[in-house]
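All values derive from a computational prediction rather than experimental measurement. So that the names make sense, note that chain A is the first sequence line, chain B the second, and so on, each numbered from 1.
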Amino acid sequence: MSKDFVFSTREKDYSKWYNDIVEKADLAEHSAVRGCMVIKPYGYSIWEKMQAALDKMFKDTGHVNAYFPLFIPKSFFSKEASHVEGFAKECAIVTHYRLKNDEGGKGIVVDPDAALEEELIIRPTSETIIWNTYRGWIQSYRDLPVLVNQWANVVRWEMRTRLFLRTAEFLWQEGHTAHATAEEAVSEAEKMLDVYADFVENWMAVPVLKGVKTPNERFAGAIDTYCIEALMQDGKALQAGTSHFLGQNFAKAFDVKFAAKDGKLDYVWASSWGVSTRLMGALIMAHSDDAGLVLPPKLAPIQVVIVPIYKNEEQLKQISEMVAGIKKSLEAKGITVKYDDRDNIRPGFKFADYEFKGVPLRIAIGGRDMENGTAELARRDTMTKETVKQTDLVEKIEKLLIEIQSNLYTRAINRRKAATHTADTYDDFKKMLDDKGGFIYAHWDGTSETEQKIKEETKATIRCIPLNNKKETAKCIYSGKTSTQRVVFARAY
RNA sequence: CGGGGUGUAGCGCAGUUGGCUAGCGUGCCACGUUCGGGACGUGGAGGCCGGAGGUUCGAGUCCUCUCACCCCGACCA
């Protein structure tokens with residue numbers, strides 16, 4: 001037993017626990033650049049699985065991928081007023097295009113003679129460059145809809161960063177669609193919200209709340225912002241994805257018009273939608289425990305790890321032969337298997353290591369198993385072990401992977417249920433927040449002022465107004481004014 | 001941008017009122033014994049003490065300046 005393997009617990013220090021998991025499960029690390037992370041191979045392969053699943057869902061709903069530039073001319077930004085305002089404070093700007101050797105011998109310096117005519121903004125999001133491009137693509141209703149997605153990196157110069165949850169540079173996808181009617185653009189935004197909810201619930205096994213943002217929380221430049229909100233184990237909410245109905249704001253800013261059937265010219269209607277590497281943060285915080293990362297089988301880079309237990313070379317050879325067969329039949333079922341036969345590391349270490357990395361299932365095979373025709377099968381989600389006949393192994397594992405996936409979802413939804421409350425008075429509301437956070441349904445008078453006050457006093461924000469919300473008349477918990485529905489408050493990431 | 005903290009071996013740290021060859025744990029390499037829940041022995045490699053300047057016979061240690069990163073706030077996905 002080595003004492004170096006003591007990690008922080010959720011109870012003791014939640015944010016340290018989170019950082020420990022990210023670092024020690026080999027997901028990511030801080031880079032030499034402030035606020036930017038290196039996503040390590042194990043972490044990146046989870047992201048790749050997310051990408052693959054999402055990309056297929058986008059294509060299945062009629063979208064195609066394209067790529068737009070990293071750099072955006074500064075002037076583009078000022079064309080949509082609220083959009084500039086939303087992003088101005090966190091933009092990285094390219095001002096020069098050349099370096100030179102300092103004549104004073106101070107090394108490499110920026111060549112002052114190489115200033116750009118017009119500065120370039122490193123995209124914090126691509127609406128402007130894309131809508132400027134769409135102007136050339138769209139002339140008539142026959143060119144619509146345009147249903148384009150891009151996978152890209154973006155930069156938002158954040159003051160404070162946390163691995164995956166908020167980094168200065170992050171990876172994401174952004175869909176940008178153009179439509180002939182407002183209804184169509186709205187239903188596109190709603191459709192993509194459903195796609196996100198479907199992905200997060202069925203692949204990540206994280207339950208989400210679908211809703212609309214209040215004007216305060218809305219995307220800069222949008223008419224309406226839809227979102228999916230997930231609840232983390234510490235009672236804080238995390239926005240897992242958003243889609244926006246942009247109206248004609250960007251079409252007007254970039255003069256994108258189309259000729260309708262009747263020949264009349266009108267501005268195009270738009271939507272945009274995105275999810276980012278932030279989903280990794282949601283994934284980690286939704287399922288992991290004090291023994292490390294817990295991954296849903298559908299996103300686990302390794303679904304089954306096999307660890308041999310042996311006393312000598314000869315025995316290892318026998319076990320390896322046996323394992324080769326098992327591995328092959330598992331792989332034939334599309335299951336990702338790793339056989340870890342490293343001989344410089346003992347089995348106990350491997351057990352703990354794969355637990356920390358969240359591998360859903362572990363098979364251990366030793367001398368006793370060889371005699372009995374069995375294997376020890378351990379589940380990461382419940383930390384339970386059982387002895388299984390080798391002949392039943394493949395079938396058993398197939399079933400278990402499905403069961404683990406659904407168990408994680410059930411567990412998460414139960415946690416959310418336990419952390420969801422309704423408050424009828426402001427005192428109760430504050431008590432609930434300080435007690436253990438969570439989602440709090442409360443009446444709100446619909447004004448930004450009230451929302452702002454509550455935020456200042458409690459740090460809780462309105463996460464969303466749930467879609468298909470039940471209407472009921474009551475008093476706002478803060479102002480006492482009439483309210484027509486409960487909205488969802490929480491402290492958030 | 002305010003407050004706090006940290007820079008010494010890959011990682012985690014110690015280093016006394018300035019003192020001679022800068023240490024510990026872990027990891028790494030070699031060999032051997034081990035292997036059913038984080039093994040052990042022996043030997044070995046590994047350092048511009050974040051950077052610049054200063055004080056001093058002598059600086060990891062004292063002074064000044066600087067850089068970087070982390071944490072907590074304000075701002076944001």
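Nucleotides B:C24 and B:C63 are separated by 30 Å at their C1' atoms, to the nearest Å.
In this structure, A:Gln239 places its CD atom 13 Å from P of B:C76, rounding to the nearest Å. The separation between A:Asn19 atom CG and B:C71 atom P is 6 Å, rounded to whole Å. Distance A:Glu90 CD to B:A74 C1': 14 Å, rounded to the nearest Å. Spacing between atom CE of A:Met383 and atom P of B:G37 amounts to 14 Å, rounded to whole angstrom units. When rounded to the nearest whole Å, the span between CG of A:Asn344 and C1' of B:U26 equals 16 Å. Rounded to an integer number of Å, the gap from A:Asp343 CG to B:C40 P is 18 Å. When rounded to the nearest whole Å, the span between NZ of A:Lys16 and C1' of B:C70 equals 12 Å. Atom pair A:Ile345:CD1 and B:G27:C1' shows a separation of 11 Å (rounding to whole Å applied).
Remark: side-chain polar atoms of A:Gln303 are not paired, donor with acceptor, to backbone N or O of A:Leu401 under 3.5 angstrom.
If you check B:A77, B:C70, B:A74 against the side chain of A:Lys459, the one that comes closest is B:A74. For A:Arg362, taking side-chain heavy atoms from C-beta onward, the closest of the listed nucleotides B:G37, B:A77, B:G36 is B:G37. Of the candidate nucleotides B:A77, B:G36, B:C76, B:C76 has the atom lying nearest to any side-chain atom of A:Lys455.
Of all heavy-atom pairs spanning A:Lys210 and A:Asp194, the tightest one is NZ-OD1, 2.7 Å. Between A:Tyr354 and A:Lys338, the shortest heavy-atom contact is OH-CE, 3.3 Å.
Within a heavy-atom distance below 4.0 Å of RNA chain B, the residues of residues 165-175 of chain A found are A:Leu165, A:Arg166, A:Thr167, A:Phe170.
For B:G37, its base sits under 3.5 Å from the side chain of A:Lys385 at one donor and acceptor pair at least.
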